[in-house]
Structure formats: structure tokens, C-alpha cells
Amino acid sequence: MREFLARYMPTDASAHGQNLDTISALVHWLMFILLVGWGLYFIFVLWRFRASRNPKASYHGVKSKISTYSEAGIVVVEAILLIGFSIPAWSRWVEPPPAGSNPIEIRVVAEQFAWNVHYPGPDGVFGRVDSSLVSATNPLGLDPADRKGADDILSINQLHLPVNRPVIVRLSSKDVIHSFALPTMRVKQDAIPGMEIQVYFTPVRTNGEERWEIACAQLCGLGHYRMRGFLTVHTEEEFAAWLGENAPAPAPVG
């Protein structure tokens with residue numbers, strides 16, 4: 001199954017991607033079986049009740065229980081997929097990573113037409129934000145008087161993460177509904193104005209020379225096509241170096 005998925009699915013670089021792809025493959029196999037099965041049954045019915053054999057209309061049709069048993073079997077299979085696979089997987093994915101796993105927490109704020117990424121800096125605390133402070137040079141409205149935000153790092157359309165470390169994305173929107181989609185992480189979540197929604201995943205490989213995109217999967221306006229970002233997964237050492245290179249300059253003393 002793993003080889004089959006790797007051949008026909010997009011690159012999977014997340015810890016939960018294999019399970020999600022397996023469920024998707026099982027659902028598609030069920031749909032394929034239904035397509036072939038009901039197609040063959042339709043052809044059989046056309047042949048069985050053809051006009052040359054049935055000059056008068058038959059109002060009873062097929063009297064066997066095959067179709068009834070088939071429908072019952074489909075219900076059982078769908079229940080297994082839902083109760084045995086999908087619900088347990090979903091319950092695992094919506095649980096936040098434990099603190100002992102050293103998760104990295106970031107904010108992603110969508111707007112027409114960009115992704116604003118906010119890192120809390122070495123202190124691990126996000127600086128205070130105020131919507132009244134939002135401007136072209138301060139897209140998130142960071143309060144310059146808040147010392148906790150002095151070491152925060154901001155980027156636009158560029159999401160940088162370390163490999164093999166759980167990620168908590170605090171997702172929100174400044175204007176309309178957007179949809180935060182990371183295909184290689186098997187993540188897609190709507191960003192809704194007035195709400196902050198948390199998304200959890202763990203990258204399990206770096207992207208090397210590959211370009212992994214951040215897409216907006218919701219039509220969000222005339223410039224929707226321009227709302228495109230990029231995800232880079234580093235080693236821990238590379239990620240620490242990136243944070244150092246992009247850290248804000250220390251405030252002058254005196």
C-alpha cells in the first residue's frame with residue numbers, strides 16, 4: 001500500500017500523512033468497486049429485461065436478494081471506514097501535542113492576499129497585538145511598546161519549520177475566509193475572521209531542493225491566484241541558523 005500511495009499521491013512529509021492517505025485510498029477503492037459493480041448490474045438489467053424477451057413491462061423486476069445483500073454489505077464497509085478508521089484518526093489529529101514533545105508554536109494570519117507568519121522568538125512568548133496598530137509596515141499590529149514582542153520574527157509567504165518537531169499553528173484571518181493548505185503535510189484548515197483555530201502536524205522530512213507550497217484553498221477575492229506561499233523544513237541546526245539570521249536587531253541602549 002505504501003508503494004502504491006507514494007506513486008499516485010503527492011509527496012507526503014508529515015507524521016500523520018500515511019494514515020490519511022490510506023483512508024483516502026480505501027475510500028477510492030470502495031468507490032471504484034461500486035462504479036464497476038453497479039455498472040455491470042445496469043448492463044445486466046438492460047439485457048435481462050430487453051424488449052425481445054419482455055414484450056410487456058415487468059413491474060416486479062429482479063426478485064433475488066442480491067441487491068439487498070450488496071447494499072447491506074456496502075453499509076457495513078462504510079461503517080467500518082467511518083468508525084474503525086476515520087473517527088479514531090481524526091480524534092488523534094485534533095489532540096494538541098504534549099508539552100514534553102517540545103512543540104514549536106507559530107501564528108499564521110491570512111489576508112488578501114498573503115500569509116503573515118509570526119514566530120515568538122527565543123522567549124517563546126508572542127508579543128501583544130492590537131488591530132488599531134495594523135499598517136502597511138506592521139501587518140499584524142504588533143505593539144512596539146511590548147518588550148515580549150521585541151524578539152518576535154515576522155515573515156510573509158514564507159513558513160520555516162524544523163523537522164521531527166510537532167508544530168502548533170494558530171490560524172486566523174484579517175478579512176475574509178481563507179483556507180490554509182499544506183499539501184505535503186496533508187493539512188487544510190479554513191481561516192475564519194474573528195476566530196483563532198489551532199492546527200497540529202509534525203514534519204518528518206526536509207524538502208531539500210523541492211518547493212513545497214502554501215496554498216489558499218478558498219476563493220478569497222480577485223487576487224486569490226496571488227495568495228501563494230512556500231514551506232521550508234530544516235534540520236534543527238538549519239532552523240536555529242534561520243532564526244538567528246532573521247532575528248530583529250537589538251534595541252539601542254540609552
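When a residue number appears, it is its place in the shown sequence, counting from 1.
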Taking the side chain as everything from C-beta on, heavy atoms only, tell me whether [X] gets closer than 4.5 Å to [Y].
| X | Y | answer |
| --- | --- | --- |
| Thr232 | Trp212 | no |
| His16 | Arg92 | no |
| Val169 | Gln189 | no |
| Leu182 | Ile214 | yes |

Inset, instruction - Following the transitive rule for hydrophobic clusters with a side-chain heavy-atom cut-off under 4.5 Å over Ile, Leu, Val, Met, Phe, Trp and Tyr, establish whether Ile168 and Val109 coincide in one cluster. - result: no
Inset, instruction - Verify the cluster assignment for Leu30 and Val76: are they in a single hydrophobic cluster under the rule of side-chain heavy atoms below 4.5 Å apart? - result: yes
Between [atom1] of [X] and [atom2] of [Y], what distance do you get to the nearest 0.5 Å?
| X | Y | atom1 | atom2 | value |
| --- | --- | --- | --- | --- |
| His234 | Arg165 | NE2 | CZ | 12.5 Å |
| Ile106 | Phe126 | CD1 | CZ | 7.5 Å |
| Gln218 | Ile192 | CD | CD1 | 9.5 Å |
| Asp130 | Asp146 | CG | CG | 11.0 Å |
| Leu142 | Arg128 | CG | CZ | 10.0 Å |
| Met185 | Leu159 | CE | CG | 9.0 Å |

Inset, instruction - State whether Phe230 and Arg211 meet the cation-pi test: NZ (Lys) or CZ (Arg) under 6.0 Å from the six-membered ring centroid, and within 45° of the perpendicular axis. - result: yes
Are more than 12 heavy atoms from other residues, nucleotides or ligands located less than 6.0 Å from atom [atom1] of [X]?
| X | atom1 | value |
| --- | --- | --- |
| Arg205 | CZ | yes |
| Leu222 | CG | no |
| Phe85 | CZ | no |
| His28 | NE2 | no |
| Trp90 | CH2 | no |

[X] and [Y]: which non-hydrogen atoms are nearest, and at how many Å?
| X | Y | value |
| --- | --- | --- |
| Trp115 | Gly229 | CD1-N, 4.1 Å |
| Tyr119 | His160 | OH-N, 2.7 Å |
| Glu111 | Asn116 | OE2-ND2, 2.7 Å |
| Asp152 | Pro120 | OD1-O, 2.8 Å |
| Pro88 | Leu82 | CD-O, 4.2 Å |
| Val163 | Val204 | CG2-C, 3.5 Å |

Inset, instruction - Return the orientation label for the Trp242 and Phe239 ring planes: parallel under 30°, perpendicular over 60°, tilted otherwise. - result: parallel
Inset, instruction - Return the orientation label for the Trp38 and Tyr41 ring planes: parallel under 30°, perpendicular over 60°, tilted otherwise. - result: perpendicular
Inset, instruction - Sort out for me which residue in Glu105, His118, Gln198 forms a side-chain hydrogen bond (donor to acceptor under 3.5 Å, both in side chains) with Arg170. - result: Glu105
Inset, instruction - Please check if the side chain of Ser86 supplies one atom and the backbone of Leu81 the other of a donor-acceptor pair under 3.5 Å. - result: yes
Legend entry - Under 3.5 Å side-chain donor-acceptor pair for Asp12 and Gln18: no
Legend entry - Cationic N near anionic O, under 4.0 Å, Asp123 to Lys148: no
Legend entry - Partner of Val167 under side-chain contact (heavy atoms from CB on, under 4.5 Å), chosen from Pro103, Pro97, Ser14, Pro203: Pro203
